[in-house]
Amino acid sequence: MQAIFLIGFMGCGKSTLGRALAATTGLQFIDLDTYIERRFHANIRDIFRTEGEEAFRLKERNMLREVSQFEDVIVACGGGTPCFFDNMEVMNSAGLTVWLQASRPVLHRRLSLGRYKRPLIASMTGTELDTFIADSLEKRTPSYGKSAHTFCSDRLEDKSQIQETVTRFIHTYGLPTNQGTATGHSRHT
Ligand code: S3P
């Protein structure tokens with residue numbers, strides 16, 4: 001089957017949901033940031049620090065084109081992937097794009113905990129993070145809005161919520177499961 005691209009803001013759950021979906025469906029999981037890190041033997045923080053954001057976006061663009069050729073994969077993009085070059089068009093022609101939407105308080109909570117590994121927000125205070133989330137969401141919404149689907153990803157806080165969200169996703173998009181059963185299909189959630 002065609003690739004599934006999970007897009008959305010940092011902290012919306014792309015990697016958490018993607019990994020759990022892969023385990024249940026048997027599809028392969030690709031985290032685009034990890035793919036870039038492996039290919040260039042450098043972590044994202046160091047690429048930002050030593051080469052700058054522009055160089056990172058170019059690497060991200062090129063690696064996205066590479067993974068877009070794969071089938072039977074779930075790709076968790078970076079939060080900025082949809083907002084540069086014609087990346088959304090590339091994803092829309094290669095497969096199914098799903099914008100994971102988490103509410104602002106949920107994003108804030110998740111990002112406060114995991115900010116150290118994200119160069120764009122690593123040194124922000126709580127208030128700065130709040131403003132950053134609001135401003136960036138507004139700027140990025142036109143790009144995210146080019147996705148074919150939207151899906152609420154607020155409920156990913158523990159194992160049982162993740163499993164419940166996986167089941168809802170599989171059912172919504174008619175994905176196979178390891179047991180080989182395909183479920184219903186609908187376009188928007
Ligand atoms: C970024 C999000 C990050 C990573 C990089 C830039 C962004 O990915 O690609 O730090 O511009 O929003 P996650 O969304 O997986 O944190």
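Heavy-atom basis, side chains included; hydrogens, waters and symmetry copies ignored. Bear in mind that the values here come from a model prediction, so they are computed numbers and not experimental data. Just so you know, ligand 1 is whichever comes first in the structure, and atom 1 is the first atom listed for that ligand.
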Hey, is R45 one of the residues with a heavy atom under 4.0 angstrom from ligand 1?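 Contact check R45 vs ligand 1: negative.
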Tell me whether ligand 1 is touched by R57 - counting only heavy atoms on the residue side and a distance under 4.0 Å.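 Yes, that is the case, since the closest heavy atom of the residue is under 4.0 Å from the ligand.
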Closest non-hydrogen atom pair between I162 and A20, with its separation: CG2-CB, 3.5 Å
Can you give me the closest heavy-atom contact between W99 and S147, atom names plus distance? CB-OG, 3.3 Å
Between D31 and S15, does the side-chain hydrogen bond (donor to acceptor under 3.5 Å, both in side chains) criterion hold? Intermediate values first, please. CA-CA 7 Å; D31 182 295; S15 304; 2.7 Å; yes
Between L120 and ligand 1, which part of the residue brings a heavy atom under 4.0 Å of the ligand: side chain, backbone, both or neither?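 Just the side chain.
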Short version for R115: what comes under 4.0 Å of ligand 1, heavy atoms counted, is neither
Assess whether side chain to side chain contact (heavy atoms under 4.5 Å, CB included) is satisfied between L17 and V166, documenting all intermediate values. CA-CA 7 Å; L17 182 59; V166 162; 3.9 Å; yes
Do me a favour and list the nearest non-hydrogen protein atom to [atom] with residue, atom name and distance?
{"atom": "atom 16 (O) of ligand 1", "result": "R118 NE, 2.7 Å"}
{"atom": "atom 12 (O) of ligand 1", "result": "R140 NH1, 2.7 Å"}
{"atom": "atom 10 (O) of ligand 1", "result": "P119 CD, 3.6 Å"}

So with a 6.0 Å cut-off around CZ of R38, is the heavy-atom count from everything else above 12?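 12 or below, so no.
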Near D33, which atoms of ligand 1 are under 4.0 Å from a heavy atom of that residue?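 The list of qualifying atoms is 3 (C), 4 (C), 8 (O), 9 (O), 13 (P), 15 (O).
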For residues 1-12, tabulate all N or O donor-acceptor pairs below 3.5 Å that involve a side-chain atom, not counting sequence neighbours.
unit_1 : atom_1 : unit_2 : atom_2 : d
Q2     : NE2    : A94    : O      : 3.4

